[in-house]
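Have a look at the structure below, then the notes.
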Amino acid sequence: MAFPRPFVLALVAITGFLLNAVDGGAKIPSTLDGPFEPVTVPFDAALRGNAVDLPDSDPRVQRRVKGFEPEQISVSLSANYESVWISWITGESQIGYHIKPLDPKTVSSVVRFGKIRYPLLHEATGYSLVYSQLYPFEGLQNYTSGIIHHVRLTGLTPNTLYYYRCGDPSIPAMSKIFSFKTMPISSPKNYPDRIAVIGDLGLTYNTTTTVGHMISNKPDLVLLVGDVTYANLYLTNGTGSDCYSCSFPHTPIHETYQPRWDYWGRFMQNLVSKVPIMVVEGNHEIEEQAGNLTFAAYSSRFAFPSEESGSSSTFYYSFNAGGIHFIMLGAYIAYNKTADQYKWLERDLANVDRSITPWLVAAWHPPWYNSYNAHYREVECMRVAMEDLLYSYGVDIVFNGHVHAYERSNRVYNYKLDPCGPVYITVGDGGNREKMAVEHADDPGNCPDPLTTPDQYIGGFCATNFTSGPAAGKFCWDRQPEYSALRESSFGHGILEVKNETWALWTWHRNQDSYSKVGDQIYIVRQPNLCHAPPKTTTHWFAAA
C-alpha cells in the first residue's frame with residue numbers, strides 16, 4: 001500500500017524526533033505521552049543557601065563610564081525581524097533630598113550600525129527621557145534617573161549579525177562596538193535556536209548563578225516574565241529587608257531604592273547588549289510614588305514594541321520571533337472584556353496567521369495554574385476573563401513567574417485536563433532575595449483562606465470552590481492537582497527550542513545546588529489537526545470524579 005507523500009514526510013519527521021529524543025538511553029517524553037501523573041520533587045533545604053543581594057560595592061554593578069558615555073546598553077525586539085530597539089543610559093542618576101533632573105535635550109540619541117564592523121554605514125536616531133521617583137514625605141529621599149535613550153533600527157535583514165555603537169557622536173560620547181543577531185523571518189520553517197525564559201530575577205548571588213548558567217546555554221532571545229530588580233525591597237536610604245511590611249510597618253508610602261535598577265542594568269549589560277530581552281511587568285515594578293504614579297522605572301527603562309503591535313500600553317504587546325507569535329499580557333492593568341487590553345488581545349489574536357507563525361505563546365507575571373500556597377488562585381479574575389479567549393485561539397504555551405519555584409502543567413483548560421489546552425510553565429525561580437516557595441496548597445493545613453487570595457493590586461474575588469472533579473466542594477485540592485505534572489522548589493531558568501511547526505523542546509535547568517542540571521525536559525507537541533478550531537464541547541482526558 002502506498003502512503004501519500006505528506007504522510008510519509010510527517011512520519012519521517014516524527015520518527016526523527018523520537019530517535020533524537022534519546023539521552024543516555026532515556027527517551028525524552030512528549031506531551032503526546034501525557035497526561036502525566038503529578039510529581040513533586042522533594043525540597044532539600046540544605047542546598048539552598050541565603051539569597052543575598054549584590055552590594056553596591058560589587059564591581060559588576062558600579063558605574064564604569066565617564067561623563068555622558070553610554071551604559072546599561074540593551075537590545076529588545078520590535079514586532080518583526082526587520083526592526084530592533086537599542087536602549088542605553090547617559091549621565092548619572094541622583095538620589096537625595098534636593099535633586100535636579102538632567103535635561104534629555106542636552107544629549108543626542110544616535111546609533112550607528114551595519115553588517116560589518118568597520119565602517120558602520122547606517123545611522124538611526126531616537127528619543128530620550130528622564131523619570132523621577134518622588135516621595136512627598138519628610139525623611140524619604142527622591143530619585144531622578146540618568147538620560148534614558150531608545151532608538152529603533154529598521155530595514156534589517158533576518159537572521160543576520162549586526163554591529164552597532166550608540167551614544168552622542170557630537171560630544172563625543174559613543175560606546176564601544178557591540179553586536180546582535182536579528183530574528184529569522186517568520187515562517188513555519190524558521191525559529192530562533194534557543195529562547196531563555198526567566199522570572200523574578202532580582203540581583204542576588206543566586207541571580208548571578210542563574211544568569212551565568214543561562215549565558216552558557218547561548219540563548220538567542222531572553223524572555224523575562226516580571227519582577228526585575230526588587231528595588232522596592234529597599235528604603236530610599238538603601239536599607240533592605242526580606243519582609244518589607246514586617247520591618248517597615250509605619251512607612252507612609254512603599255519606598256523603593258531606585259539605584260538598584262541602575263545596578264541591575266549594569267550587571268545585565270554583558271548579556272542584553274548582545275541578546276534581545278523582552279520584559280513584561282510584575283508586581284515589584286508597581287513602585288507607587290507621589291501622585292499615585294506607578295511603574296515609572298519599568299515603563300521608562302525598557303523599549304517595547306507597543307505601537308508596532310497596535311497596543312497603546314507598555315503593559316501588553318506582541319511580537320514575532322521566527323514562526324512564534326508571542327503575546328505579553330498585563331496582570332496589573334484592566335483585563336475584563338470591556339477593557340482596552342482585552343479588545344487589543346482580540347484584535348491581535350484574530351490577526352495571527354498560523355500558517356506563518358504556527359506557535360502561539362503567551363506570557364504574564366502571576367500564574368493561573370499554581371499549586372503552591374504562595375499566590376494560590378490569586379488571579380482567578382484574570383483567568384475567568386481571558387482563558388476562554390486564549391483557549392479558543394489555540395495558545396500552545398503560557399509562561400509565568402511570581403511563584404518562586406518551578407511548576408509545569410499538563411495541558412489544561414478550566415482546571416480540567418484537555419488535549420487542546422496550553423501547557424502552563426511557572427519559572428518564578430530566577431534567584432531573587434525573597435523566600436523560595438516550598439509549601440503547597442494541597443499539603444495538610446496549607447490551604448489559604450479564600451478571602452486572603454485576591455492580589456491587593458488586582459482586586460476582585462473570583463475564586464470559589466471547585467464544582468466538579470477531585471476537588472469538588474473545596475477551595476483547595478487534597479493532593480497535588482491532576483493539572484500539575486511536575487513541581488520543584490529550586491532556582492533555575494528554562495530554554496525553549498522550537499524544532500518545527502509541531503515540536504518544541506522545553507528544558508528547565510535547576511541550580512539549587514549552584515550547578516546547572518536538567519531538572520525537567522519534555523517535547524511540547526502541537527496537534528493542529530485535533531485542535532485547529534474552538535471546540536464547541538470540550539472533551540476532557542479524565543472524566544470528572
Side-chain angles (χ1 to χ4, degrees), residues 10 13-14 16-17 20-21 28-32 34 77-81 158-159 182-198 219-225 276 278 280 305 309 316-329 345 348-364 386-387 389-400 408-413 418-427 494-508 521-534:
I14 293 174
F17 272 108
N20 291 329
I28 299 173
S30 81
T31 50
L32 298 178
L77 300 180
S78 185
N80 287 298
Y81 69 85
N159 207 33
T182 52
M183 290 294 104
I185 194 169
S186 292
S187 88
K189 304 297 183 184
N190 297 313
Y191 300 94
D193 288 337
R194 286 171 295 277
I195 300 170
V197 187
I198 50 175
D220 301 289
L221 172 65
V222 176
L223 206 67
L224 176 49
V225 291
M278 305 303 287
V280 72
S309 60
Y316 53 89
Y317 59 91
S318 66
F319 63 95
N320 291 334
I324 313 168
H325 185 71
F326 284 94
I327 297 173
M328 312 290 274
L329 297 177
L345 179 59
D348 191 83
L349 288 169
N351 288 330
V352 175
D353 186 343
R354 301 301 279 269
S355 69
I356 297 175
T357 53
W359 286 86
L360 189 52
V361 177
W364 59 89
M386 288 185 156
E387 185 176 26
L389 183 58
L390 295 181
Y391 177 79
S392 70
Y393 278 94
V395 169
D396 299 299
I397 307 172
V398 173
F399 291 114
N400 303 114
R408 170 175 56 81
S409 79
N410 285 306
R411 290 193 177 275
V412 60
Y413 165 64
D418 187 315
C420 297
V423 174
Y424 290 82
I425 299 174
T426 297
V427 286
I495 296 289
L496 179 67
E497 302 171 73
V498 177
K499 304 299 185 179
N500 61 25
E501 57 265 41
T502 54
W503 286 72
L505 179 63
W506 167 254
T507 307
W508 174 62
Q521 192 167 49
I522 188 170
Y523 278 104
I524 298 173
V525 185
R526 298 181 60 247
Q527 295 180 274
N529 292 333
L530 175 66
C531 308
H532 66 281

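Since we're looking at a predicted model, the values are computed, not measured.
Note that the CG atom of Asn400 and the OG1 atom of Thr426 stand 5.0 Å from one another [nearest 0.5 Å].
Put simply, the side chain of Thr31 gets close to the backbone of Val525: a donor and an acceptor are under 3.5 Å apart. Side-chain atoms of Arg354 come within 3.5 Å of backbone N or O of Tyr393 as a donor-acceptor pair. Under the 3.5 Å distance criterion, the side-chain polar atoms of Arg411 are matched with a main-chain donor or acceptor of Gly421. Judged purely by atom type and a 3.5 angstrom limit, Ser30 has no side-chain atom pairing as donor or acceptor with the backbone of Ile524.
Contact record, Ala196 with Pro219: CB-CB, 3.8 Å, taken as the closest heavy-atom pair. Considering all non-hydrogen atoms of both residues, Ala321 and Pro192 come closest at O-CD, 3.5 Å. Contact detail for Ala79 and Ser309: the closest heavy-atom pair is CB-N, 4.5 Å. Residues Tyr81 and Pro184 come closest through the heavy atom pair CB-O, 3.9 Å. Residues Ser355 and Asp353 approach most closely at OG-OD1, 2.5 Å, considering heavy atoms. Residues Leu221 and Pro276 come closest through the heavy atom pair CD1-O, 3.5 Å.
Ring orientation note: the planes of Tyr424 and Trp364 are nearly perpendicular, at an angle over 60° on the 30°/60° scale.
Put simply, the side chain of Tyr391 reaches to within 4.5 Å of the side chain of Asp418, judged on heavy atoms. Between Phe319 and Met278 the shortest side-chain heavy-atom distance falls below 4.5 Å. With contacts defined as side-chain heavy-atom distances shorter than 4.5 Å, the pair Ile324/Ile195 qualifies. The shortest side-chain heavy-atom distance between Pro419 and Leu530 falls under the 4.5 Å cut-off. Proximity of Leu349 to Leu389: side-chain heavy atoms (C-beta onward) are separated by under 4.5 Å at one or more points. In this structure, Asp220 and Arg194 have side chains that are in contact, with non-hydrogen atoms separated by less than 4.5 Å. Put simply, the side chain of Leu223 reaches to within 4.5 Å of the side chain of Phe399, judged on heavy atoms. In this structure, His325 and Ser186 have side chains that are not in contact, with every pair of non-hydrogen atoms separated by 4.5 Å or more.
Residues Asp348 and Tyr316 have side chains that never bring a donor and an acceptor to within less than 3.5 angstrom of each other.
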Test side-chain contact (heavy atoms from CB on, under 4.5 Å) on Ile28 and Leu505; report intermediate values, then the result. CA-CA 9 Å; Ile28 299 173; Leu505 179 63; 4.1 Å; yes
Please evaluate residues Asn320 and Ile356 with respect to the criterion side-chain contact (heavy atoms from CB on, under 4.5 Å), reporting the C-alpha separation (whole Å), side-chain torsions for both, the decisive distance (0.1 Å), and the verdict. CA-CA 10 Å; Asn320 291 334; Ile356 297 175; over 6 Å; no
Go through the steps to decide whether Asn159 and Ile185 satisfy the test side-chain contact (heavy atoms from CB on, under 4.5 Å), and finish with yes or no. CA-CA 7 Å; Asn159 207 33; Ile185 194 169; over 6 Å; no
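When each of Thr502, Asn500, Asp396 is paired with Arg526, the side chain to side chain donor-acceptor pair (under 3.5 Å) condition holds for Asp396 and for no other. Each of Trp359, Tyr191, Tyr523 was evaluated against Trp503; a single residue qualifies, Tyr523, per the ring-ring contact (aromatic ring centres under 6.0 Å, His included) test.
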